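Only one structure is covered here, and it is reproduced in the block below.
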Amino acid sequence: MRRKFVAGNWKMNTTFQSAQALAREVASAVAASNPAVDVAVCPPAPFLWSVKQILAGSPVLLGGQNAYFEKSGAFTGETSLDMLLDVGCEWVILGHSERRQFFGDTDAIINKKVAAAIAQKLGIMFCVGEVLEDRQANRTEAVLTTQLEGGLAGFTSAQLSKLVIAYEPVWAIGTGVTASPEQAESAHAFIRDWMASRFDAKLAAELRIQYGGSVKPENAKEILSKPNVDGALVGGASLKSDQFMGIVNAAAELSR
Ligand code: 13P
């Protein structure tokens, strides 16, 4: 059985103080309930190190929200994967729709970032998802295919053992509109089938596919109970520890 994985993407939110407070709350709640799921938080880059100190000794994992594929050099404003590793990250989110939309991350750039993260042995949450226009025009599977083909071009299944895919329909991100459990399940099943035909059945069967887009404690159980939904990548609701833990606990209940 695939172990469920709930990650909080804090995006460009929190302050130095509030990030520490949030991390402390999540770490102590996870210690208290000891859920049978993987839990990660992905704070803004400047707060990674201080959050790592708070998570020391806790099973809560740390992830970066993005990274550049070059190892070092004159790339003003960028963070390398080495730097993420250096401050204790186990995970990195790559290909988030906000990176694609606002910062020019193309499938080709994301592919280089995935390659660099594989080389560093970091876990990767690779995000894919269609915009509303594509869904309305019945192009969801075509868009997912393009993003999967582009982002994962050139790898072997052995290289993708630490890959998680996050299906995040763009129209459901930060909008309060969630994909219905059936819509999520259908996209996740499509992604798993695609991975089986492009790579192999074993990789596809073991691959964890998170859903992201307005996940809240109120809707988490219904979405997470779908057979191909293996976790959640949570934005807004990850900024309040009680809401985030509501989602973690929903995943844990389904894992009993
Ligand atoms: P929301 O949960 O705020 O919709 O964000 C989802 C997301 O983009 C997680 O990466």
Side-chain angles (χ1 to χ4, degrees), residues 4-14 18-19 22 26 37-45 47-48 51 60-67 79 84 89-103 105 110 113-114 117 122-132 134-135 140 143-144 147 151 163-181 183-184 187-188 191 208-224 226 229-251:
K4 288 199 176 358
F5 183 13
V6 179
N9 175 7
W10 297 0
K11 307 192 179 183
M12 199 173 75
N13 294 297
T14 67
S18 70
L22 180 54
V26 171
V37 298
D38 288 340
V39 180
V41 293
C42 304
F47 307 150
L48 285 167
V51 166
V60 179
L61 301 161
L62 186 69
Q65 298 176 12
N66 175 46
T79 303
L84 293 186
C89 289
E90 291 94 0
W91 288 90
V92 62
I93 299 170
L94 295 175
H96 193 280
S97 64
E98 287 147 19
R99 301 292 320 169
R100 295 175 188 263
Q101 193 180 348
F102 303 126
F103 303 101
D105 275 17
I110 295 160
K113 293 182 175 191
V114 172
L122 265 171
I124 300 161
M125 288 178 256
F126 167 49
C127 303
V128 294
E130 80 288 357
V131 298
L132 184 59
D134 289 321
R135 174 157 286 267
T140 298
V143 168
L144 294 178
Q147 292 174 341
L163 183 82
V164 166
I165 294 181
Y167 171 62
E168 299 207 315
V170 180
W171 47 272
I173 295 178
T175 56
V177 180
T178 323
S180 69
Q183 285 172 323
H188 284 222
I191 291 168
R208 294 186 291 181
I209 307 177
Q210 297 168 317
Y211 168 79
S214 300
V215 180
K216 297 180 178 57
E218 300 77 44
N219 58 29
K221 197 165 180 183
E222 211 189 347
I223 296 177
L224 287 164
K226 288 294 175 188
V229 179
D230 308 308
L233 184 52
V234 187
S238 72
L239 296 169
K240 298 251 163 58
S241 60
D242 54 344
Q243 289 192 24
F244 185 61
M245 288 310 298
I247 299 165
V248 169
N249 292 332

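In this chain, numbering begins with 1 at the start of the sequence shown. Both ligands and their constituent atoms are indexed starting at 1 by order of listing. Owing to the predicted nature of the structure, the values given are computational and were not obtained by experimental measurement.
To the nearest 0.5 Å, the span separating NE2 on His188 from CG on Leu144 amounts to 9.5 Å.
Checking side-chain atoms of Tyr167 against main-chain N and O of Ile191 turns up no donor-acceptor pair under 3.5 Å.
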Problem - Stepwise side-chain contact (heavy atoms from CB on, under 4.5 Å) check, Arg208 with Asp38 - result: CA-CA 11 Å; Arg208 294 186 291 181; Asp38 288 340; 2.8 Å; yes
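With sequence neighbours left out, Lys221 forms a salt bridge (charged side-chain N to carboxylate O under 4.0 Å, His left out) with Glu253. Applying the ring-ring contact (aromatic ring centres under 6.0 Å, His included) rule to Phe5 yields the partners Trp91; only residues at least two apart in sequence or on another chain are considered. Taking His96 as the reference, nothing meets the ring-ring contact (aromatic ring centres under 6.0 Å, His included) condition, with sequence neighbours excluded.
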List ligand 1's nitrogen or oxygen atoms that come under 3.5 Å of a protein nitrogen or oxygen, with the partner atom and distance.
unit_1: ligand 1; atom_1: 2 (O); unit_2: Ser214; atom_2: N; d: 3.4
unit_1: ligand 1; atom_1: 2 (O); unit_2: Gly235; atom_2: N; d: 2.9
unit_1: ligand 1; atom_1: 3 (O); unit_2: Gly236; atom_2: N; d: 2.8
unit_1: ligand 1; atom_1: 4 (O); unit_2: Gly174; atom_2: N; d: 2.6
unit_1: ligand 1; atom_1: 4 (O); unit_2: Ser214; atom_2: N; d: 2.8
unit_1: ligand 1; atom_1: 5 (O); unit_2: Lys11; atom_2: NZ; d: 3.2
unit_1: ligand 1; atom_1: 8 (O); unit_2: Lys11; atom_2: NZ; d: 2.8
unit_1: ligand 1; atom_1: 8 (O); unit_2: His96; atom_2: NE2; d: 2.8
unit_1: ligand 1; atom_1: 8 (O); unit_2: Glu168; atom_2: OE1; d: 3.4
unit_1: ligand 1; atom_1: 10 (O); unit_2: Asn9; atom_2: ND2; d: 3.0
unit_1: ligand 1; atom_1: 10 (O); unit_2: His96; atom_2: NE2; d: 2.9
unit_1: ligand 1; atom_1: 10 (O); unit_2: Glu168; atom_2: OE1; d: 3.2
unit_1: ligand 1; atom_1: 10 (O); unit_2: Glu168; atom_2: OE2; d: 2.9

